[in-house]
Amino acid sequence: SAFEWVARRVVQELDHGGDLIPVTSLQSSTGFKPYCLVVRKPSGSWFWKPRYKHISLSIKDILEPDAPEPVLQHGGPFHIHDTVDGQLRTSVEVAVPGQGKVAGGASVSDSSSTSLNVFSLSVGPNTWQALLQERHLRQPEHRILQQLRCRGDNVYVVTEVLQTQKEVEVTRTYRREGSGLVSLAGAMCLQGEGEGHLSQKKTVTIPSGSILAFRVALLVIQSDLEVILFPDKKQKTFQPPPTGYRPFSSKGSWWM
Amino acid sequence: DLSMKGCIGNFWTDGVPVNGTVTEDFQGLRAEVEVVSKELALMDGQLCRLLLEGLERGLRDQLALQALEEALEQGLSSGPVEPLDGPAGAVLDCLVLPSRMLVLELAVPVVYLLGALNTLSKAQHQLLVEAVELKTLSRQLELVGSLLEKSAPWQKCSTLSLPPELLKSGWGVETPAWVLLEECGLELREDPPHVHWEPQAQDCVCALYASLALLSELSQE
């Protein structure tokens, strides 16, 4: 989709090779706000990654509600400018105010020019420490957490997001004789397109404040709550059941 | 390892976990898909038809598809499954015993297929339904397989030309093959037919290949 394309492009420019996760649909974008809880759907394949799914719960829903709301740190805005020359995209530039360009583009074309402003919102490491010292797990445990505990699913909390600063209209334009082109048209941007070559257009409007990408930390829920910013593969949200307990069909056993 | 990967791995080499030997290339993907495909091939013809009909209806309703995947995953980890309405219910009913326990031999391959389908977009779902109806799955499968084979190593960008013999059903912005690949995030060119491979498209193209292969297996007469 056009939205997913934009999200991927932004992640590629701002966090290439990092652990920011692009949001795949505009519809689910609001579910990935800071402090929201998400689960990672297991993948049945070695060839496609597990997907994150929001569960309509925030960390505030599982903690005792008697502390002031912690603030978020703002970063950016980052200005992403994408230039298209009518055949293939030729350059992408990312500029951070006060720091100049952080990634350079090469050529400039007058056929199509695109622009997008995003900023980051993140929970500082000290905020986590303070939050977890002052607030404790709500009892009884939330029903959704109970279900996830039964399934042994890991639960993650969103710690950072990239959001659009202004509404942006994204148009994917296809030329009969050429490659697919993407252009963004926001309040601050110019858009120029050739005439007479277009055969198909798809447009989506991304509202301001839409989340394009997010970063997560693992929650470990025992007697208290821990937020693990850099989890290792062995760490789990819920303690495994005692030895000897076997849920219906440990799946591997059937195959064996 | 109770994940699906563990299941497939164990089954793949007759009980020997395969985790150490998976290669992240087209041969590895094809081998993984063949394991699941063989399981589907053992199913009764009428059951295959019922499953395919249910999945076709599910592909028109993304929420149903997700609900079905959710229910099957829950059933695989914690026992009896609750009945579902609509297309999800129709597929689920093919996979449970009267006690509402899942028949694992049936449920595991279907969960794998649903995982692949749920990685794809709504537009791709619609095109898969059309491909089932028009019996063009194998043609699309051949094209996507060829692309995955040629684009190795997947971690690097590359530009690939597409062989004309795989484009007999047409190649252009409105053709199904174009849209199926374009929705994966690949940049395409019409004349001459080219695909610009992006490493980020790997997950989606692999899921598309698996979906085409397994729907094709279910469609076998």
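Each chain gets a letter, A, B and so on, in the order its sequence line appears, and its residues count up from 1.
Ion pair B:Glu70/A:Lys53 flagged as a salt bridge, since at least one NZ, NE, NH1 or NH2 atom sits closer than 4.0 Å to an Asp/Glu carboxylate oxygen.
In this structure, A:Phe47 and B:Trp154 have perpendicular ring planes: the angle between them is above 60°, well past the 30° mark.
In this structure, B:Glu32 contributes its side chain and A:Trp46 its backbone to a donor-acceptor pair below 3.5 Å.
Atom-to-atom distance recorded for B:Asp203:CG and A:Ser45:OG is 8.5 Å, nearest 0.5 angstrom. For the atom pair CD (B:Glu73) and CG (A:Asp153), the distance works out to 8.0 Å, reported to the nearest 0.5 Å. Going from atom CD of B:Glu198 over to atom CZ of A:Arg8 covers 9.0 Å, rounded to the nearest 0.5 Å.
With sequence neighbours excluded, no residue satisfies side chain to side chain contact (heavy atoms under 4.5 Å, CB included) with B:Glu82. Under the side chain to side chain contact (heavy atoms under 4.5 Å, CB included) criterion, A:Leu218 pairs with A:Asn154, A:Tyr156, A:Val220, A:Ile228, A:Pro231, A:Gln235, A:Thr237, sequence neighbours left out.
Minimum interatomic distance between A:Trp48 and B:Cys206 (heavy atoms only, all atoms of both residues): CZ3-O, 3.8 Å.
The local environment of NZ in A:Lys33 is sparse, with at most 12 non-hydrogen atoms from other residues, nucleotides or ligands closer than 6.0 Å.
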Practice task
Could you walk me through whether A:Gln27 and B:Gln62 pass the side chain to side chain contact (heavy atoms under 4.5 Å, CB included) test, one step at a time?
Solution key: CA-CA 13 Å; A:Gln27 194 184 11; B:Gln62 285 191 309; 5.9 Å; no
